[in-house]
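Lettering follows sequence order; numbering is per chain, from 1.
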Amino acid sequence: MTPLPREFYARDTLLVARELLGQRLVRWLNGERLSGRIVEVEAYIGETDQACHASCGRTARNAVMYGPPGHAYVYLIYGMHHCLNVVTEREGFPAAVLIRALEPLEGVATMRRLRPGRPDRELTNGPAKLCQALDIDRTFNGIDLCARGPLFIEAGTPVNETNVGTGPRVGVRGDERALTAPWRFFVRGNPFVSR
DNA sequence: CTCTCGATGCGCT
DNA sequence: GCGCATCGAGAGA
């Protein structure tokens with residue numbers, strides 16, 4: 001329907017991360033609407049966060065994180081997988097939320113075709129898996145998620161506080177703070193949460 | 001189910 | 001040249 005407004009993203013990253021749970025990620029692919037409910041995210045906040053791609057300062061790769069909020073930051077990892085983030089906070093401050101898992105809602109048949117041989121629970125239960133299921137690659141890096149384009153986030157079903165789980169981020173490296181900060185948020189008990 | 005390990009491209013030092 | 005915000009195959013239990 002309507003993309004979430006830029007003001008949604010132009011806030012504290014931990015608040016945005018928490019409130020992204022339950023929202024709906026929408027992807028238009030060849031005239032078909034694919035979508036999923038966001039059930040797991042992680043926050044990456046500023047140059048002092050050693051797990052953040054901006055921890056070594058601004059580069060060509062992480063430039064989008066320094067830009068205005070509400071844009072997609074998509075990167076290639078391990079030479080073969082893509083990960084989707086949404087840029088948060090004010091322009092000039094590098095921060096983003098990684099979308100780690102979705103519960104498939106629309107276009108499941110197409111997702112199955114894009115991830116052949118996988119059971120339904122493994123269509124979108126990881127950051128690179130969901131990019132594969134929704135056909136998201138680096139050509140989406142920098143696109144505006146607040147426009148009615150091929151990729152955006154719209155209002156979904158809110159997640160009650162008692163159903164929100166938190167914990168340290170997955171697969172990160174860095175100092176004690178990076179390893180232990182509880183900046184991963186997920187919907188408790190949801191079968192599509194990764195790991 | 002759990003664990004281990006290799007794949008593979010590219011941005012950065 | 002190194003190292004990565006991951007995934008999936010294969011082995012074992």
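With hydrogens and angles left out, the side-chain atoms of Arg37(A) and Thr157(A) include a donor and acceptor closer than 3.5 Å.
Heavy-atom contacts from other residues, nucleotides or ligands closer than 6.0 Å to CZ of Arg121(A) number 12 or fewer. The local environment of CZ in Arg173(A) is sparse, with at most 12 non-hydrogen atoms from other residues, nucleotides or ligands closer than 6.0 Å.
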Treat a base pair as Watson-Crick or G-U wobble with both distances under 3.5 Å, then lay out DNA chain C in dot-bracket form, 5' to 3', with | for cross-strand pairs. ||||.|||||||.
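If you measure from atom CD of Gln132(A) to atom P of dG8(C), you get 6 Å, rounded to the nearest angstrom. If you measure from atom CG of Leu130(A) to atom C1' of dA5(C), you get 13 Å, rounded to the nearest angstrom. Protein atom CG of Leu76(A) is 13 Å distant from nucleotide atom P of dC12(B), rounded to whole Å. Regarding Arg195(A), its CZ atom lies at a distance of 13 Å from the C1' atom of dA5(C), rounded to whole Å. Between Tyr44(A) atom OH and dA5(C) atom C1' the separation is 4 Å, expressed in whole Å. Rounded to whole Å, atom P of dC12(B) lies 14 Å from atom OH of Tyr75(A). Between the CG atom of Asp137(A) and the C1' atom of dC10(B) there is a distance of 15 Å, rounded to whole Å. The CD1 atom of Ile77(A) sits 17 Å away from the P atom of dA7(B) (whole-angstrom rounding).
Looking at residues 50-63 of chain A, you'll see Thr59(A), Ala60(A), Arg61(A) sit with a heavy atom under 4.0 Å from some atom of DNA chain B.
If Val170(A) and Lys129(A) are placed on DNA chain C by their nearest nucleotide, the residue sitting closer to the 5' end is Val170(A).
Among the atoms of the strands shown, only primed sugar atoms or phosphate atoms (P, OP1, OP2) are found under 4.0 Å from some heavy atom of Arg138(A). Using a 4.0 Å heavy-atom distance criterion, Arg184(A) is classed as making no nucleic acid contact.
Interatomic distance, Asn141(A) CG to His82(A) NE2, rounded to the nearest 0.5 Å: 10.5 Å. Taking CG of Leu34(A) as the start and CG of Leu151(A) as the end, the distance is 10.0 Å to the nearest 0.5 Å.
Taking only side-chain nitrogens and oxygens, Arg118(A) comes nearer than 4.0 Å to OP1 or OP2 of dA9(C). Residue Arg115(A) has a polar side-chain atom (N or O) positioned under 4.0 Å from OP1 or OP2 of dG8(C).
Put simply, the side chain of Glu154(A) never gets that close to the backbone of Leu4(A): no donor and acceptor are under 3.5 Å apart.
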Would Arg169(A) and Glu42(A) count as a salt bridge (Lys or Arg N to Asp or Glu O under 4.0 Å) if you check the C-alpha gap in whole Å, the side-chain angles of each, and the deciding distance to 0.1 Å? CA-CA 6 Å; Arg169(A) 294 169 293 183; Glu42(A) 283 176 359; 5.6 Å; no
Test ring-ring contact (aromatic ring centres under 6.0 Å, His included) on Tyr75(A) and His53(A) and set out the steps. CA-CA 10 Å; Tyr75(A) 64 90; His53(A) 283 173; 4.6 Å; yes
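A salt bridge links Arg18(A) with Glu161(A): at least one charged nitrogen is closer than 4.0 Å to a carboxylate oxygen.
Using a 5.5 Å limit on the distance between ring centres and a 30° limit on the angle between planes, the aromatic ring of Tyr78(A) does not count as stacked on the six-membered base ring of dA7(B).
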